There are 2 protein chains.
Amino acid sequence: MRTIEELTAQVRSNGGKVTAQRLLIWQALYNNRTHPTAEELYQKLKQVSPTLSLTTLYNTLNELASWGEIRRIDNGDGSIHYDPFVEPHVELVCLACHKVVDSQSKPALLSAPEEMDGFKIISHSEQYYGYCPVCRSAFNQVNK
Amino acid sequence: MRTIEELTAQVRSNGGKVTAQRLLIWQALYNNRTHPTAEELYQKLKQVSPTLSLTTLYNTLNELASWGEIRRIDNGDGSIHYDPFVEPHVELVCLACHKVVDSQSKPALLSAPEEMDGFKIISHSEQYYGYCPVCRSAFNQVNK
DNA sequence: TTACTTACTTATAATCATTATAAAATAAAA
DNA sequence: TTTTATTTTATAATGATTATAAGTAAGTAA
């Protein structure tokens, strides 16, 4: 995700307004390496700004996602997780418990083409699907 | 997705039963290169098997996903799309209209490691996020 | 074949994440 | 200031997915 200053410029250039709510949400995401859900963010931000509405939070998250600043992660647990870290990295997704963790391994794809099949490319992701250490040992228990 | 025969063996080896419903749903997905939603599949399969329940469809889809046979695609349009084609390929995701299309370009990653950070890896995916031709020209209209 | 066990399916209802609505508030420009 | 379009808020609505519990059928073994 780009800096608060750059997002400020982006909003203004679109004729938008840099509100206290947008700033609050941006700051909560900036440099955040977790994958929070809307509800998790809401609980945290309500402590700072009790009148913040879920609608505003969703609007702002959708806006950031539409700019490619954050990415939506559906891991099958019922709610969407948001990932502000969109630089190339490897994500490991457990097919059993739905955990999504960032790997420390270097991604195979360090850069994306600027254009492909008529799409203007902004970012890319690399996901590996499998079974996490915890679920693997659970399987072994069962199969014994 | 593996063949019906292989899935049959998988279910039986788990002590499960190969039911008419499972077969029906498997056949609808096998060699399917679209990204249908549960509802789309349901409407189609109800014509063949009018008593099929949505619950069974969801159960079967979740089961296939937990085996890595199909993949869940959240494109932000409110429902999950399912992709039975899990061999390496490139997916282009439009950040504006949420379209997800398979590219004909060869993926950069043809194979995945068998193991990473303790995860047993089953499959992987490569996604490019950006703006599709339709949305790009819409932007140009607006900015003129 | 027949009976038996367990897994599966169904219809229904419930849940819960997300979005729509409309009135009130506010940032930014004039 | 005043103005205006944008944004926010509280509330209600939507709609995808899941839980429940009773009934059904696949697989197995006599």
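Reckoned from all heavy atoms, side chains included, excluding hydrogens, waters and symmetry mates. Every value quoted in this text rests on a predicted model; they were computed, and no experiment measured them.
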Between protein and nucleotides 26-30 of chain D, what N or O pairs are separated by less than 3.5 Å?
{"from": "D/dA26", "atom 1": "N3", "to": "B/K17", "atom 2": "NZ", "distance (Å)": "2.9"}
{"from": "D/dG27", "atom 1": "OP1", "to": "B/R12", "atom 2": "NE", "distance (Å)": "2.9"}
{"from": "D/dG27", "atom 1": "OP1", "to": "B/R12", "atom 2": "NH2", "distance (Å)": "2.8"}
{"from": "D/dG27", "atom 1": "OP1", "to": "B/V18", "atom 2": "N", "distance (Å)": "3.1"}

Provide, to the nearest angstrom, the distance between the CG atom belonging to A/N14 and the C1' atom belonging to C/dA27. 15 Å
Could you tell me how far apart B/N59 (CG) and D/dA21 (P) are, to the nearest whole angstrom? 16 Å
Rounded to the nearest Å, what distance is computed from the NZ atom of residue A/K46 to the P atom of nucleotide D/dA10? 10 Å
Of D/dT9, D/dT7, C/dC8, the nucleotide closest to the side chain of A/R22 is D/dT7
By ring-ring contact (aromatic ring centres under 6.0 Å, His included), A/Y42 pairs with (sequence neighbours left out) none
Inter- and intrachain pairs under salt bridge (Lys or Arg N to Asp or Glu O under 4.0 Å), touching residues 80-92 of chain B, at least two apart: none
When we call it a touch if two heavy atoms are under 4.0 Å apart, what does B/T56 touch: a base, just sugar-phosphate, or nothing? base
Can you list the residues that meet the side chain to side chain contact (heavy atoms under 4.5 Å, CB included) rule with B/N59, with sequence neighbours excluded? B/T55
For residues 11-40 of chain B, which residue pairs pass the salt bridge (Lys or Arg N to Asp or Glu O under 4.0 Å) check, not counting sequence neighbours? B/R22-B/E63, B/R33-B/D102
Let me check the geometry of the helix from C/dT1-D/dA30 to C/dA30-D/dT1. What is the bend angle between the axes at its two ends, five pairs each, to 10°? 40°
For B/Y128, the ring-ring contact (aromatic ring centres under 6.0 Å, His included) test, sequence neighbours excluded, returns A/H124
Of all pairs that satisfy salt bridge (Lys or Arg N to Asp or Glu O under 4.0 Å), the ones with a partner from residues 104-124 of chain B, not counting sequence neighbours: A/R136-B/E115
Per the side chain to side chain contact (heavy atoms under 4.5 Å, CB included) rule, which among B/T34, B/N75, B/D74 passes with B/H81? B/N75
To the nearest Å, how far apart are B/D77 CG and D/dT14 P? 19 Å
Between D/dT8 atom P and A/L24 atom CG, what is the distance in whole Å? 11 Å
For A/F85, the ring-ring contact (aromatic ring centres under 6.0 Å, His included) test, sequence neighbours excluded, returns A/H89
To the nearest angstrom, the CG-P distance between B/L23 and D/dA25 comes to 15 Å
Does A/Q21 place a side-chain N or O at less than 4.0 Å from the phosphate oxygens OP1/OP2 of D/dT9? yes
Please round to the nearest 0.5 Å and tell me the distance separating atom OG of A/S125 and atom CD of B/Q127. 4.5 Å
Pairs where residues 9-33 of chain B contributes a residue and the test ring-ring contact (aromatic ring centres under 6.0 Å, His included) is met, not counting sequence neighbours: none
Just jot down the side chain to side chain contact (heavy atoms under 4.5 Å, CB included) partners of A/L95, sequence neighbours excluded, or say none. A/Y129, A/Y131, B/I122
All N/O pairs under 3.5 Å across the protein-nucleotides 15-19 of chain C interface:
{"from": "C/dT18", "atom 1": "OP1", "to": "A/I80", "atom 2": "N", "distance (Å)": "3.0"}
{"from": "C/dT18", "atom 1": "OP2", "to": "A/Y58", "atom 2": "OH", "distance (Å)": "2.2"}
{"from": "C/dT18", "atom 1": "O5'", "to": "A/Y58", "atom 2": "OH", "distance (Å)": "3.1"}
{"from": "C/dT19", "atom 1": "OP2", "to": "A/N62", "atom 2": "ND2", "distance (Å)": "3.2"}

Measure the distance from CG on B/L57 to P on C/dT9 and round it to the nearest whole Å. 11 Å
Report the distance from atom CG of A/L52 to atom C1' of C/dA25, rounded to the nearest whole Å. 15 Å
